[in-house]
**Student:** 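Input: one structure, supplied below.
Chain A is the first sequence line, chain B the second, and so forth, proteins listed ahead of strands; every chain is numbered from 1. Keep in mind that this is a model prediction, so the values were computed, not measured.
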There are 2 protein chains.
Amino acid sequence: MQKENQNAVERIEYELTTLIRRAVYLDISDKKIGHLERSVYLLLRHLDEFGPSRLKALAETFNLDISTLSRQASAIEAKGYISRFSDPTDGRVSLFRLTDIGREKLIIDKKMRIERYHAMLENWSNKEKEIFGELLERMNEALID
Amino acid sequence: MQKENQNAVERIEYELTTLIRRAVYLDISDKKIGHLERSVYLLLRHLDEFGPSRLKALAETFNLDISTLSRQASAIEAKGYISRFSDPTDGRVSLFRLTDIGREKLIIDKKMRIERYHAMLENWSNKEKEIFGELLERMNEALID
DNA sequence: GGCATTTACTTGTATAATACAAACATATAC
DNA sequence: GTATATGTTTGTATTATACAAGTAAATGCC
């Protein structure tokens with residue numbers, strides 16, 4: 001039993017390492033899903049899901065330096081996908097929210113991503129997809145430090 | 001049924017995107033597993049598994065430009081983890097193989113990675129781990145273009 | 001058998017994402 | 001009201017990457 005368990009974990013380690021390499025590549029290749037960079041997609045998705053956020057909170061969410069988020073957000077703002085407004089209770093804070101254009105772009109890309117996944121997983125049963133989603137969610141929980 | 005399927009795929013899309021962000025972060029953070037960079041680990045692992053390889057083949061394996069692999073390999077060679085020798089049948093080709101030190105480093109890091117995964121997945125049943133490994137492998141198949 | 005073309009790799013250069021540190025603006029504490 | 005803390009921006013350095021030019025070796029063709 002110990003041995004089987006060892007093998008299963010070893011396989012997970014191997015496959016996850018491979019998956020990350022392939023997925024990161026896919027994201028920057030010609031076959032990239034949609035039009036938004038992964039970082040932009042994640043930021044828009046976060047604002048859509050959690051509402052207006054400040055830089056510091058976004059940096060923590062994405063495990064990136066605040067300066068990095070500051071530049072990312074400025075770039076995305078320049079594209080018109082998010083807009084900035086001052087926190088009325090604290091003049092130091094910039095809050096960002098999705099613009100209508102940003103929401104539209106997000107919806108389009110999300111749709112494309114989901115379609116791509118549908119195609120990749122077309123020969124999986126519904127049950128398998130459900131289980132995979134659940135296990136991935138648990139894996140993500142486990143990845144939080 | 002269509003709806004459930006849709007939700008399952010949506011969840012997979014969401015969780016995978018999140019997983020990639022977390023895993024990439026983990027890899028460069030203080031809590032990084034082991035001592036080797038992910039790229040170095042992957043290269044050593046590949047040489048261990050498939051034997052001596054040339055740059056072009058490695059670049060294709062990792063979906064990276066040959067020039068990138070050339071620099072990576074030189075750096076890893078300088079650390080003494082791999083060594084270079086000429087293909088006796090083709091003087092243009094450099095072949096790389098693991099050195100004893102490289103193999104040792106690989107074994108150490110692999111062990112640490114597997115231990116970390118063991119810890120993260122400690123409350124998963126053996127059956128769940130097996131299924132997750134299998135589904136990840138199928139996902140990786142699906143990610144090949 | 002020697003020149004043209006192809007192949008494998010290295011090196012030069014540019015770009016993008018990132019972190020860290022310094023600067024700046026605003027808020028809080030005493 | 002000044003000193004300190006907080007939130008953000010900007011300057012600088014580093015790293016990973018791609019693309020293009022250069023170099024060395026092999027292959028093809030007459």
**Student:** With Arg22(A), which residues qualify under side-chain hydrogen bond (donor to acceptor under 3.5 Å, both in side chains), at least two apart?
**Tutor:** none
**Student:** Only counting residues at least two apart or in another chain, list the ones meeting ring pair (Phe, Tyr, Trp, His ring centres under 6.0 Å) with Phe85(A).
**Tutor:**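 None.
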**Student:** Identify, residue by residue, the members of residues 76-84 of chain A with a heavy atom below 4.0 Å from DNA chain C, and return them in order of residue number, or none.
**Tutor:** none
**Student:** With the sugar-phosphate defined as primed atoms, P, OP1 and OP2, and the base as all remaining atoms, what B/S/- string results for nucleotides 18-30 of chain C, 5' to 3', for protein heavy atoms under 4.0 Å?
**Tutor:** SBBB----BS---
**Student:** Starting at atom CD1 of Ile20(B), determine the distance to atom P of dA17(C), rounded to an integer number of angstrom.
**Tutor:** 17 Å
**Student:** For Leu69(B) and dC19(D), what is the distance between atoms CG and C1' respectively, to the nearest whole Å?
**Tutor:** 15 Å
**Student:** How many Å lie between CG on Asp87(A) and C1' on dT6(D), as a whole number?
**Tutor:** 13 Å
**Student:** Decide side-chain contact (heavy atoms from CB on, under 4.5 Å) for Arg11(B) and Glu137(A); before the verdict, give the C-alpha distance in whole Å, the side-chain angles of both, and the deciding distance to 0.1 Å.
**Tutor:** CA-CA 8 Å; Arg11(B) 189 182 192 186; Glu137(A) 189 175 330; 2.6 Å; yes
**Student:** Can you measure Arg38(A) atom CZ to dA17(C) atom P for me and round it to whole angstrom units?
**Tutor:**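 One finds 11 Å between P of dA17(C) and CZ of Arg38(A), rounded.
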**Student:** Could you work out, with ring pair (Phe, Tyr, Trp, His ring centres under 6.0 Å) as the rule, every residue matching Phe132(B), not counting sequence neighbours?
**Tutor:** Trp124(B)
**Student:** Does Phe50(A) sit in a hydrophobic cluster with other residues, and if so which ones, taking ILVMFWY side chains as linked at heavy-atom separations under 4.5 Å, directly or through other members?
**Tutor:** none
**Student:** Partners of Arg138(A) by side-chain hydrogen bond (donor to acceptor under 3.5 Å, both in side chains), sequence neighbours excluded?
**Tutor:** Glu128(B)
**Student:** Find the distance Lys56(B):NZ to dT10(C):P and express it as a whole number of Å.
**Tutor:** 14 Å
**Student:** Look at the side chain of Glu37(A) and decide which nucleotide, out of dA17(C), dT11(C), dT8(D), has an atom nearest to it.
**Tutor:** dA17(C)
**Student:** For Glu122(B), give me all partners under side-chain hydrogen bond (donor to acceptor under 3.5 Å, both in side chains), at least two apart in sequence or on another chain.
**Tutor:** none
**Student:** Residues two or more places apart in sequence or in another chain: which of them pass side-chain hydrogen bond (donor to acceptor under 3.5 Å, both in side chains) with Glu134(B)?
**Tutor:** none
**Student:** Just how far, in rounded Å, is P of dG7(D) from CG of Leu55(A)?
**Tutor:** 11 Å
